[in-house]
Structures are given as structure tokens and as C-alpha cells.
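Have a look at the structure below before the remarks.
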Amino acid sequence: MPEGPSIIILREEVMQFEGHKIFSASGSAKIDMDRIAGKKLLSFKTWGKNFLICFSGFTIKIHLLMFGVYLINKRKKLEPKLSLVFDNGELNFYTCSVKLLEGDLNQYYDWTADIMNENWDSKAAKKKLEEIPQKMICDALLEQDIFSGVGNIIKNEVLYRVKVHPESLIGKIPKPKITEIIKENIIYSFQFLDWKRKNELAKHWLAYSQKTCVRCNLPFVKKDTGLKKRASFFCNHCQKLYE
DNA sequence: TATAATGTTTGAAC
DNA sequence: AGTTCAAACATTAT
């Protein structure tokens, strides 16, 4: 369900609860629920795919993983991992990872690595890529310490747009091309956000889960690539392999 | 019914 | 000691 842009939407949808007191906190997550009940929810933040619920002195970190779901003022039959009840409604999370982070959030997160954050820093990303010339670009794009928020859809769409083969080695890709990849990453991520809001994300896929290249009409290759072995959809003819 | 899918962490194995 | 890898988690649609 979630790549970075989807978590931005999640945050927008729950803004109504910011500043409100928690009446009760419950669920199957192995955290101390007593820490939350009665406290005032200061703010919601996001870092890539991490959804952050901030309180004075600590933060609840939610990661929706592959199948995570959240419901606002609704419940499933299934017991939630975390359920927060406010004076103006409730927020329920299912099938996700829930953790409690103590203290200052800044000690956990590098905000310049989050593609959706205002502090995103392309130069910092470029520097990090230079340190791993032997890695494949398909793996690097999924590296959350470099491109926090990028997932398999964004990876595939970006590489198709810039015409780079997913198994290309970072050190062999020309510098201007690296710059282009980073730039396109940001451009596509915000288009993802836009299209997701309009509920038309899949309509615009040119690579992800596609069968044919719209540029040359040849069949796409589907292959688990890199050390991460995540599915890549690409055109052998249009996407150049740097090796 | 088996499979695959927008993901990460953990700990064993090498 | 550092890396690699499979397992675990869990849900829904095809």
C-alpha cells in the first residue's frame, strides 16, 4: 500500500486529530499503551514511509510495511495493532509495525534523506551514491538512508523515464545521468502524490507491472534484480545498461 | 487454491 | 567480523 507519497496523504487525512487529547490507546502492538492514554497529541510527521505520532518526550512510529491499513472513525473485525480514541473520533492501524521512540526525533532521522521533505538534499544523495559505485542502481533507489520514501513503483517508473537499466552499476553511470535520476525521482514522487490523490495512480504507469514498452513496442522484461531481489520491469532496448 | 504484491527486520549461515 | 540470505510478519486480489 505505501510509498512515501501515500504517507503524506495519510498525514493529511488525520490532521483533524492534531492537538487533541488521547482518551484511550489500545491494540496488539507490544508497546506501553499507558504512555499514550491521557496525553496530548502534539503533531503528525512523516519520514519516507514512516508515519510519526509525536508526543512530548516520545514518538510512536508506524510503518505500514506491505499490507498496512488505517481507518479513520471506522473499525475492522480484526483487532487493531494500535487504536487511538480522541474526543473527536478515532484512528485505527492494522497489519503494521508499531514502535515507541524515546526522546528527540532528530536523533533517529536524517530529514535531508526524505524525498518528500522540505529539507531534501539532492547533493547529499549524490554524495552517498558516490560511496557505493559497485552497487546496482535498482538497489540504491530502494535504500531508505539515501532515498527515504522510494519504493518499488517509484524505482521502476524513474528508471524507465531516464532510460537506465536497473542493473546498471552506479560507478559506471555518467555523472549527469546520476543527477538526472535523482531529479526524476523527486519529480515522479510528487506526480505520484498528485495522481494518488485523484485515485488514478496506476493509470499513469509506464513501467511498473507493464507488459510492453510504449516507446518501442517490444515486450518488457520482468526480473528480480539486485541484492534486494525486488521486481524490476524494464525494456532491454530502451534502457541502457551501464556495466 | 496457489501465487504475488507499493516492505522491513531479524538472526542464522557462510 | 562482515556479508548474505531466508524467514517471519500478515492481507487481499487474481
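We name chains A, B, ... by the order of the sequence lines, and we start the count at 1 in each one.
- Taking atom CG of A:D139 as the reference point, atom C1' of C:dC5 lies 13 Å away to the nearest angstrom.
- The same atom, P, is picked in C:dA7 and in B:dA4; the two are 15 Å apart, to the nearest Å.
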Completion exercise
Dot-bracket for DNA chain C, 5' to 3', Watson-Crick and G-U pairs with both distances under 3.5 Å, [ ] for crossing pairs, | for partner on another strand, reads .||||||||.||||
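- Using a 4.0 Å heavy-atom criterion, one finds that A:K228 contacts no nucleic acid atom at all.
- The distance from the NZ atom of A:K228 to the CE atom of A:M136 is 13.0 Å, given to the nearest 0.5 Å.
- A:F233 places its CZ atom 10 Å from the C1' atom of B:dA4, with the value rounded to the nearest Å.
- Look at NZ on A:K223: it is 16 Å from P on B:dA5, rounded to the nearest Å.
- In this structure, the NZ atom of A:K229 is 17 Å from the C1' atom of B:dT9, given to the nearest Å.
- As rounded to whole Å, 13 Å separates atom P of B:dT6 from atom CD of A:Q210.
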Which protein N or O atoms sit under 3.5 Å from an N or O of nucleotides 10-14 of chain C?
{"residue": "C:dT12", "atom": "OP1", "partner": "A:K76", "partner atom": "NZ", "Å": "2.5"}

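- Atom CG of A:N152 is separated from atom CZ of A:R230 by 4.5 Å, given to the nearest 0.5 angstrom.
- Sorted by first then second residue, the salt bridge (charged side-chain N to carboxylate O under 4.0 Å, His left out) pairs that include residues 200-210 of chain A, not counting sequence neighbours, are A:E200-A:K203.
- Taking the six-membered ring for Trp and the full ring otherwise, A:H63 and A:F51 have centroids separated by 6.0 Å or more.
- The side chain of A:L227 approaches C:dT4 more closely than any other nucleotide in the set C:dT4, B:dT8, B:dA5.
- In this structure, A:K222 reaches the B:dA5 phosphate: one of its side-chain N or O atoms is under 4.0 Å from OP1 or OP2.
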Exercise for the section: Let me see the working for A:K172 and A:E243 under salt bridge (charged side-chain N to carboxylate O under 4.0 Å, His left out), right down to the final yes or no. Expected result: CA-CA 6 Å; A:K172 303 291 182 182; A:E243 60 179 347; over 6 Å; no
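- Residues of residues 149-159 of chain A having a heavy atom closer than 4.0 Å to DNA chain B, listed by number: A:G151, A:N152, A:I153.
- Applying the under-4.5 Å side-chain rule to Ile, Leu, Val, Met, Phe, Trp and Tyr, the cluster around A:Y109 extends to A:W47, A:L52, A:L101, A:L105, A:Y108, A:W111.
- Residue contacts shown for A:Y208 are limited to sugar-phosphate atoms, with no base heavy atom under 4.0 Å away.
- Residues A:K76 and A:Y94 come closest through the heavy atom pair N-OH, 2.8 Å.
- One atom, CD of A:E143, and another, P of B:dG7, lie 13 Å apart when rounded to the nearest Å.
- A:F51 places its CZ atom 18 Å from the C1' atom of B:dT6, with the value rounded to the nearest Å.
- Residues A:K49 and A:K99 both approach DNA chain B. Their nearest nucleotides, taken by heavy-atom distance, put A:K49 toward the 5′ side.
- The structure places CD1 of A:I181 at 6.5 Å from CG of A:L141, a figure rounded to the nearest 0.5 Å.
- Taking atom CG of A:N50 as the reference point, atom C1' of B:dG7 lies 11 Å away to the nearest angstrom.
- Applying the 4.0 Å criterion to OP1 and OP2 of B:dT6, one finds that A:R230 has a side-chain N or O inside that range.
- Residues in residues 4-36 of chain A take part in these ring-ring contact (aromatic ring centres under 6.0 Å, His included) pairs, two or more places apart or across chains: A:F17-A:F86.
- Between atom CD1 of residue A:I53 and atom CG of residue A:L91 there is a gap of 6.0 Å, rounded to the nearest 0.5 Å.
- In this structure, the separation between OG on A:S148 and CG on A:N117 is 9.0 Å, given to the nearest 0.5 Å.
- The aromatic ring centroids of A:F233 and A:F220 lie 6.0 Å or more from each other.
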